[in-house]
Number of protein chains: 2
Amino acid sequence: MNAANQEIKRGRKYGQVLNGAWEVFRRDGFEGASVDDIAREAGVSKATLYSYFPDKRLLFLEVAKGECCRQATESSDLIPCTAAPVTVLTGAATRMVDFFLSDFGMRVFRICVAESDRFPELGREFYRNGPALARARLVDYFHEAEARGELRISDKDLAADQFAELCKADLFSRLVFGVGGPISAADRTRVITGAVETFLARYGGAG
Amino acid sequence: MNAANQEIKRGRKYGQVLNGAWEVFRRDGFEGASVDDIAREAGVSKATLYSYFPDKRLLFLEVAKGECCRQATESSDLIPCTAAPVTVLTGAATRMVDFFLSDFGMRVFRICVAESDRFPELGREFYRNGPALARARLVDYFHEAEARGELRISDKDLAADQFAELCKADLFSRLVFGVGGPISAADRTRVITGAVETFLARYGGAG
DNA sequence: GAAAAGATGAACTGCCCGGTTCATCTGTTG
DNA sequence: CAACAGATGAACCGGGCAGTTCATCTTTTC
């Protein structure tokens with residue numbers, strides 16, 4: 001569709017290469033992944049791989065871009081925003097927690113951080129059609145809810161960011177630093193309800 | 001003092017090596033740092049370096065451990081906890097934001113994330129004498145403040161985590177994903193006051 | 001000042017990896 | 001069947017890096 005794709009030859013095994021590359025990249029990161037490993041994982045010869053992609057770096061960018069798009073379209077299912085704020089916010093919090101506790105969310109985050117020097121545009125790309133979308137949707141909802149008198153928020157951008165951060169309480173450190181053992185369903189509901197309660201304590205119209 | 005230190009020979013240029021290694025590691029990460037670079041940066045021959053440390057991995061662990069300890073002892077200056085909650089919390093928030101916006105905080109975080117596969121114990125070590133200390137101090141303060149009737153918190157651990165997360169709103173994403181340009185003093189105060197206000201809206205005794 | 005301990009630097013080994021090449025094989029199309 | 005494009009794999013190149021070695025130089029110690 002765009003210029004970047006035109007630079008890259010397509011062929012029968014194009015998809016195989018992308019899938020195998022994503023598998024190895026997310027397992028080993030950019031430096032850790034060897035092109036031989038990728039070719040083996042994709043069930044493709046190294047020569048074939050290099051006939052599609054000029055080098056490892058572009059292959060990585062293509063894979064990451066594809067995954068971000070997939071993620072963006074996948075999570076574009078909206079919420080019914082007319083329900084009570086507790087309901088809407090709990091749903092949003094659940095989806096956010098599910099995401100960054102997911103295998104995918106964690107791996108992408110890891111790679112973004114680890115490769116932020118080599119691929120600064122990668123983090124921006126991921127943010128743009130990931131967290132930024134969620135944030136925009138939240139802000140939209142805040143406007144509607146405020147019009148209905150359900151919420152009262154002066155700095156809606158900050159409120160959205162605060163809500164997202166509240167959803168990470170406890171869980172995020174445990175994941176990133178490997179502390180506190182596996183995360184149970186009870187842990188998740190504790191954090192989610194806590195986030196919603198704290199948020200509504202500040203911004204709830206009935207507060 | 002402990003077993004690990006006994007395994008490592010000391011010598012005149014021991015400190016030089018550690019300093020140079022830290023410099024290169026925090027600049028280039030673990031994989032990115034070459035032992036030759038470290039030796040050059042430390043003003044020491046490679047042979048000398050290897051006479052102290054059996055391999056690159058142990059050198060890295062020693063450096064990271066030392067930095068974590070230094071950081072832990074450095075930030076052990078307590079807060080006067082009898083002031084009004086707004087004051088105490090604003091002070092705490094400022095210190096937290098300063099930390100994870102600092103060069104050091106960001107680099108250590110990056111390395112922890114990037115090297116979490118190779119060095120899972122590193123993240124735990126960092127958390128133990130970094131965020132965990134701050135959290136414990138906050139929880140202690142919550143107990144005292146609650147006894148004075150200034151705060152009302154049922155789940156104090158969760159509250160401490162929420163407060164820490166609130167301090168990261170907006171700022172964290174911008175740092176990690178390289179979005180939204182440099183962070184101004186106004187950005188910081190906006191987030192800090194917002195965090196304190198939201199926290200007190202939920203847990204403030206006078207709320 | 002002499003012996004011992006430590007430091008030097010430069011060369012060297014072995015390994016891994018990114019990228020290239022090429023002769024050969026396979027599948028498709030007319 | 002013939003022609004052709006794509007796929008193959010194995011060998012190869014060049015470079016970088018971890019780790020070793022060693023003969024020589026410097027510093028400490030007595």
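Chain identifiers are assigned alphabetically (A, B, ...) following the order of the sequence lines, protein sequences preceding nucleic acid strands; residue numbering begins at 1 within each chain.
- Taking every side-chain heavy atom of B:Y50 into account, D:dT20 is the closest of C:dG19, C:dT8, D:dT20.
- The side chain of B:A47 lies closest to C:dG9, out of D:dA18, C:dG18, C:dG9.
- Between A:E197 and B:R202 there is a salt bridge, since a side-chain N of the basic residue sits under 4.0 Å from a carboxylate O of the acidic one.
- For B:K46 against D:dG19, a side-chain-to-base donor-acceptor contact under 3.5 Å is present.
- The side chain of A:K13 places an N or O atom within less than 4.0 Å of a non-bridging phosphate oxygen (OP1 or OP2) of D:dT8.
- Atom pair A:K56:NZ and D:dG16:P shows a separation of 16 Å (rounding to whole Å applied).
- Position along DNA chain C of the nearest nucleotide to A:D37 versus B:G43 favours B:G43 as the more 5'-ward residue.
- Between the CD1 atom of B:I38 and the P atom of D:dA18 there is a distance of 8 Å, given to the nearest Å.
- Of the side-chain N and O atoms in A:T48, one or more sit less than 4.0 angstrom from OP1 or OP2 of D:dT8.
- No donor-acceptor distance shorter than 3.5 angstrom exists from the side chain of A:N19 to the backbone of A:Q16, with no hydrogens or angles considered.
- Partner B:F60 forms a ring pair (Phe, Tyr, Trp, His ring centres under 6.0 Å) with one of B:F30, B:F53, B:W22 and no other, that one being B:F30.
- Residue contacts shown for B:A39 are absent, as no nucleic acid heavy atom lies under 4.0 Å away.
- Atoms CG (A:D36) and P (C:dT20) sit 14 Å apart, rounded to a whole Å.
- Between the C1' atom of D:dA18 and the CD atom of B:E31 lies a distance of 11 Å, rounded to the nearest Å.
- Distances shown here put a side-chain N or O of B:Y52 below 4.0 Å from the OP1 or OP2 atom of C:dA7.
- Rounded to whole angstrom, the span from the CD atom of B:Q16 across to the P atom of C:dA7 amounts to 9 Å.
- Following rounding to the nearest Å, B:R57 (CZ) and D:dG19 (C1') show an atom-to-atom distance of 16 Å.
- Distance check: B:E41 CD to B:D36 CG gives 13.0 Å after rounding to the nearest 0.5 Å.
- We find that CG of A:D55 is positioned 20 Å from P of D:dG14, with the value rounded to whole Å.
- Considering only heavy atoms from C-beta on, A:Y141 stays 4.5 Å or farther from A:K156 through its side chain.
- Where A:V44 and B:V35 each meet DNA chain D at their nearest nucleotide, the meeting point lying more 5' is that of A:V44.
- The interatomic distance linking A:D28 (CG) with C:dG18 (C1') rounds to 16 Å, in whole Å.
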